[in-house]
Amino acid sequence: MPYHRYRPAHERVELPLAERAWPARRITQAPLWVPVDLRDGNQALAEPMDPARKRLMFDLMTRIGFKEIEVGYPSASRLDYDFVRELAAPGAVPDDVTVVVFTAARDDLIDRTFASIEGVPRAVVHLYTATAPTWRDVVLGQDRQELRGTILRAASRMARLAEGRPVRFEFSPEVFNLTEPDYVLEVCNALTALWDAAPDRPVIHNLPATVEIATPNVYADQIEYMHRHLDRRDAVILSVHPHNDRGTGVACTELAVLAGAQRVEGCLFGNGERTGNVDLATLALNLYAQGVDPMIDFSDIDGVRRVVEHCNRLPVPERHPYVGDLVHTAFSGTHQDAISKGLAHHAKRAAELGVPPEQAPWDVPYLPIDPADVGRDYQAVIRVNSQSGKGGIAYLLRTRYGLELPRRLQIDFSAVVQRATDDTGAEVTAEELWRLFHVTYVTPGERFQPGTWRVEEDTPGVHAFTADLPSGRPLHGTGDGPLAAVAAALAAGGTPVDVLTQVEQPPAPERDGSAIAYVEARVDGATYWGAGLAATPAEASARALLAAAARAETHSTA
């Protein structure tokens, strides 16, 4: 590949910062999140949103807590203009939300932008101009001073149009990360002065990584340089707008916040031009996973995803951080075992602390956050395929059907599941696991149909078992318990058994009110498991032993 055609970042843009403070900092509070799905994200869609989808997306954003929302580019299309006018209607925008509108540095576009926000209770007018050398030379045909003059003339017009109106200003030097730092600083400081920024009326300087060109530390250095040198720093909100061309948009943003950024523009789940804008949901939940309030409510993340997918007409990938269908799911046997043990430990710790599980500190292997916090069901955490082990299988049967399988039965059944999944290559659901378990361990004992057998305590301490085999031959035995009576009957019928393990569970609604029992028995030197379902644990144990014996018989004749 002709790698020699491309230049590294340090040959394309000056990186003036020699000392940096951001590596030693920590993020302790969320920045101001500003979704641009309705503008930057929308213009990246093959089929832009219609008015109904725009309104649905806007209402979602306000509902989950965004306080500043870029709603469109009203001078670029009639659809965007009409949507902004819709938001000017009384009560259309919540009292604590500010809308942002986007415009290029051209008089007619600025005028139409201000016309669109007439009557909007609070607005930010966002002026943008590309400033990087390649854009100046190839696209705009202006040198540094000419472009500076263009930007200041546009900003002056905005200031005149905004007089007496509830409007603040934002400026984006597009392709900031490929622009000379001294030039960006010169232009931004000039705008801060022209717009007379003050702490109670701050100016937003938004510094986009329009096209990612370097490792995230480079962007952090560029942001820290601006953070240190901007005039009237207490009257400036330093904002960032990263894209994801190198796949490191989230890292760029997090390092930029460490470097002094106070505001972040991006899209829900990362829609946008090329590889997308930075993903605000991932950023917010990354903070949440560190114990920092993200200030956005993703407690119903699947509901948020459904709206975004509908509005964008784009699916969210199954492995997308936090929201993908499979991100909280383990197929690997070792992962499943660790998660299952971790969830059990979490429940025990919550009980010891005397708090509900959802309030207990979270520390479960492989799960950086509790799936329940984002509205996910634990049933989706562990799923079984040919890569799975006994822990995952046991977890699904326990959570769905209340089965507490003894460890050796887990091992035995995992081999059965492995053979089944190797044959199909497909995932196995909890329902399919139950059917496979039933066929393997329960069904063999059902050759003794109800009504043909009984276990009774004829005299105190002495139980009697009687049944008819399918051939019509009777079985009969007595013992000091139901299981001993069944074992005696089997021995009398020519099948001596030695009960090694007996585990009973009481009736449960997950099993239609049935009790269940598991019995491990040695027959002719080999061990076999059986399971039984019945109204009482004792009867279930009797059925389980009959199932184990039947499995041994089937094996010996196979």
Handout entry: Under 3.5 Å donor-acceptor, Asn177 side chain and Val211 backbone
Key = yes
Fill in the blank from the handout: Sorted by chain and number, sequence neighbours left out, salt bridge (charged side-chain N to carboxylate O under 4.0 Å, His left out) with Glu404 holds for none
Problem - Gap separating the CZ atom of Arg305 from the CZ atom of Phe269, nearest 0.5 angstrom - result: 8.0 Å
Practice task
Salt-bridge test for Arg168 and Asp200: reply yes if a basic N is under 4.0 Å from a carboxylate O, no otherwise.
Solution key: no
Problem - Tyr73-Tyr81 side chain donor-acceptor pair, cut-off 3.5 Å - result: no
Completion exercise
For Asp37 and Gly266 the tightest heavy-atom approach is OD1-O, 4.0 Å
Practice task
Without swapping roles, check the side chain of Arg165 against the backbone of Phe114 for a donor-acceptor pair under 3.5 Å.
Solution key: yes
Practice task
Assess whether side-chain contact (heavy atoms from CB on, under 4.5 Å) is satisfied between Val175 and Thr131, documenting all intermediate values.
Solution key: CA-CA 7 Å; Val175 211; Thr131 54; 5.6 Å; no
Completion exercise
Rounding to 0.5 Å, atoms CH2 (Trp135) and OG1 (Thr210) come to a distance of 7.5 Å
Problem - Any residue meeting salt bridge (charged side-chain N to carboxylate O under 4.0 Å, His left out) with Arg78, in chain and number order, not counting sequence neighbours - result: Asp82
Practice task
Any chance you could measure Thr253, atom OG1, to Leu283, atom CG, to the nearest 0.5 Å?
Solution key: 5.0 Å
Completion exercise
By side-chain hydrogen bond (donor to acceptor under 3.5 Å, both in side chains), Tyr219 pairs with (sequence neighbours left out) none
Problem - Criterion side-chain contact (heavy atoms from CB on, under 4.5 Å) against Leu238, the qualifying member of Leu230, Val257, Ile204 - result: Leu230
Practice task
Before accepting this row, confirm whether a basic side-chain N of the pair Asp302/Arg306 lies closer than 4.0 Å to the acidic partner's carboxylate O.
Solution key: no
Practice task
Indicate whether the side chain of Asp363 and that of His345 have a donor and an acceptor atom separated by less than 3.5 Å.
Solution key: no
Handout entry: With Asp40 via salt bridge (charged side-chain N to carboxylate O under 4.0 Å, His left out) - residues at least two apart
Key = none
Handout entry: Criterion side-chain contact (heavy atoms from CB on, under 4.5 Å) against Ile69, the qualifying member of Val34, Thr62, Leu87
Key = Thr62
Exercise for the section: Start with the C-alpha distance between Arg398 and Ser340, add both sets of side-chain angles, then the distance that settles side chain to side chain donor-acceptor pair (under 3.5 Å), and finish with yes or no. Expected result: CA-CA 10 Å; Arg398 179 173 68 251; Ser340 180; 2.9 Å; yes
Handout entry: Residue among Val167, Val120, Val71 satisfying side-chain contact (heavy atoms from CB on, under 4.5 Å) with Val101
Key = Val71
Problem - Set of side chain to side chain contact (heavy atoms under 4.5 Å, CB included) partners for Glu510, sequence neighbours left out - result: Ala508
Fill in the blank from the handout: Sorted by chain and residue number, the side-chain hydrogen bond (donor to acceptor under 3.5 Å, both in side chains) partners of Ser172 (sequence neighbours excluded) come out as His126, Asn206
Practice task
Could you grab the distance from atom CD1 of Ile27 to atom CG of Leu287, nearest 0.5 Å is fine?
Solution key: 5.5 Å
Practice task
Describe, in one word, how the ring planes of Phe58 and Phe83 are oriented to each other, choosing from parallel (under 30°), tilted (30 to 60°) and perpendicular (over 60°).
Solution key: perpendicular
Problem - Salt-bridge criterion met for Lys54 and Glu86 (N-O under 4.0 Å) - result: no
Problem - Exercise: do Trp22 and Asp221 side chains pair donor with acceptor under 3.5 Å - result: yes
Handout entry: Partners meeting side-chain hydrogen bond (donor to acceptor under 3.5 Å, both in side chains) with Asn286 (sequence neighbours left out)
Key = Glu254, Tyr322
Problem - Derivation of the side-chain contact (heavy atoms from CB on, under 4.5 Å) call for Asp80 and Asn42 - result: CA-CA 10 Å; Asp80 272 22; Asn42 188 52; 4.2 Å; yes
Exercise for the section: May I ask you to check whether Asp297 and Ser299 show a side-chain donor-acceptor distance below 3.5 Å? Expected result: yes
Fill in the blank from the handout: The complete set of ring pair (Phe, Tyr, Trp, His ring centres under 6.0 Å) pairs with one or both residues in residues 281-310, sequence neighbours excluded, reads none
Fill in the blank from the handout: When every non-hydrogen atom of Ala30 is compared with those of Val292, the smallest separation belongs to N-CG1, 4.1 Å
Problem - Phe413/Phe437 aromatic ring centres below 6.0 Å - result: yes
Completion exercise
Rounding to 0.5 Å, atoms OH (Tyr128) and CD (Glu174) come to a distance of 6.5 Å
Exercise for the section: Please name all residues satisfying side chain to side chain contact (heavy atoms under 4.5 Å, CB included) with Ala344, sequence neighbours left out, ordered by chain then number. Expected result: none
Fill in the blank from the handout: The reported gap from CG in Leu409 to CZ in Arg407 (rounded to nearest 0.5 angstrom) is 12.0 Å
Practice task
Quick one: do Ser514 and Asp512 satisfy side chain to side chain donor-acceptor pair (under 3.5 Å)? Show the steps, please.
Solution key: CA-CA 6 Å; Ser514 294; Asp512 297 325; over 6 Å; no
Practice task
State whether the number of non-hydrogen atoms from other residues, nucleotides or ligands found under 6.0 Å of Gln29 atom CD is greater than 12.
Solution key: no
Exercise for the section: Look at Arg435 together with Glu431 and state whether they make a salt bridge at an N to O cut-off of under 4.0 Å. Expected result: no
Exercise for the section: Not counting sequence neighbours, which residues clear side chain to side chain contact (heavy atoms under 4.5 Å, CB included) with Pro23? List them please. Expected result: Arg20
Practice task
Assess Arg39 against Phe102: is NZ or CZ under 6.0 Å from the centre of the six-membered ring, and within 45 degrees of the ring's axis?
Solution key: yes
Exercise for the section: Using side-chain hydrogen bond (donor to acceptor under 3.5 Å, both in side chains) as the criterion, list what pairs up with Arg263, not counting sequence neighbours. Expected result: Glu68, Glu170, Ser239, Glu265
Problem - With sequence neighbours excluded, residues passing salt bridge (charged side-chain N to carboxylate O under 4.0 Å, His left out) with Lys341 - result: Asp337
Problem - Asp95 atom CG: more than 12 heavy-atom contacts under 6.0 Å - result: no
Practice task
Might you point out which heavy atoms bring Cys252 and Glu212 nearest each other, and give the distance in Å?
Solution key: SG-OE2, 3.2 Å
